[in-house]
Visitor: 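Can you keep this structure in mind? I'll have questions shortly.
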Amino acid sequence: MAKNKRFVWEKQQGGLLKQVSIIIDAETGVNYMFVVDGYAGGLTPLLDKNGKPVITPPNEIIDK
C-alpha cells in the first residue's frame, strides 16, 4: 500500500536559479515558503496578518 506524501509542493514561480515555492505539510496543513536564489535558499512558515501560521484545510490539499 502506498503511503501518502507528507509535503505537497502547491505553487512555484520563478526560473532555474531564482524560485519561490509554497509547500504544504499534509498532516498539519501549515504552509511554508521556500526560496532559492542561486546557491542559497531558505524556508519559513507563512504567517497571516495576526502572526499565526497559514493553514490549508485537509479537504483543500491536492496531490496527497
Side-chain angles (χ1 to χ4, degrees):
M1 187 162 131
K3 189 175 181 181
N4 291 342
K5 289 191 223 176
R6 171 78 190 259
F7 297 97
V8 177
W9 291 73
E10 185 67 21
K11 298 177 184 176
Q12 295 183 3
Q13 68 182 36
L16 182 60
L17 294 176
K18 286 189 177 185
Q19 189 173 36
V20 177
S21 303
I22 302 299
I23 303 168
I24 300 174
D25 182 336
E27 289 187 15
T28 64
V30 175
N31 288 238
Y32 297 89
M33 180 174 63
F34 179 61
V35 179
V36 176
D37 189 355
Y39 294 108
L43 179 73
T44 188
L46 286 178
L47 304 177
D48 66 14
K49 64 181 179 180
N50 298 317
K52 304 234 181 208
V54 173
I55 298 177
T56 300
N59 61 334
E60 293 183 18
I61 299 174
I62 301 171
D63 195 36
K64 284 202 317 189

Visitor: Would you say I55 ends up clustered with F34 if hydrophobic residues are merged whenever their side chains have heavy atoms under 4.5 Å apart, either directly or through other cluster members?
Guide: yes
Visitor: Working to the nearest 0.5 angstrom, can you tell me the gap between K11 NZ and I24 CD1?
Guide: 8.0 Å
Visitor: For a 4.5 angstrom cut-off between non-hydrogen side-chain atoms, does I23 reach V8?
Guide: no
Visitor: Determine, using the 4.5 Å side-chain heavy-atom cutoff (strictly less than), whether L43 and V20 are members of one ILVMFWY cluster.
Guide: no
Visitor: Do the side chains of I22 and M33 get nearer than 4.5 Å, heavy atoms only?
Guide: yes
Visitor: Shortest non-hydrogen contact from A26 to K5?
Guide: CB-O, 3.5 Å
Visitor: Looking only at heavy atoms, which two atoms of P53 and V30 are closest? And how far apart?
Guide: CB-CG1, 4.3 Å
Visitor: So do the side chains of Y32 and D25 get within less than 4.5 Å of each other, counting heavy atoms only?
Guide: yes
Visitor: Any luck finding a side-chain donor-acceptor pair between Q13 and Q19 under 3.5 Å?
Guide: no
Visitor: Could you grab the distance from atom OG1 of T28 to atom CD1 of I61, nearest 0.5 Å is fine?
Guide: 7.5 Å
Visitor: Looking at V54 and D48, what are the two nearest heavy atoms and their distance?
Guide: CG2-N, 3.9 Å
Visitor: Output yes when a side-chain donor or acceptor of N31 lies under 3.5 Å from a complementary backbone atom of G29, and no otherwise.
Guide: yes
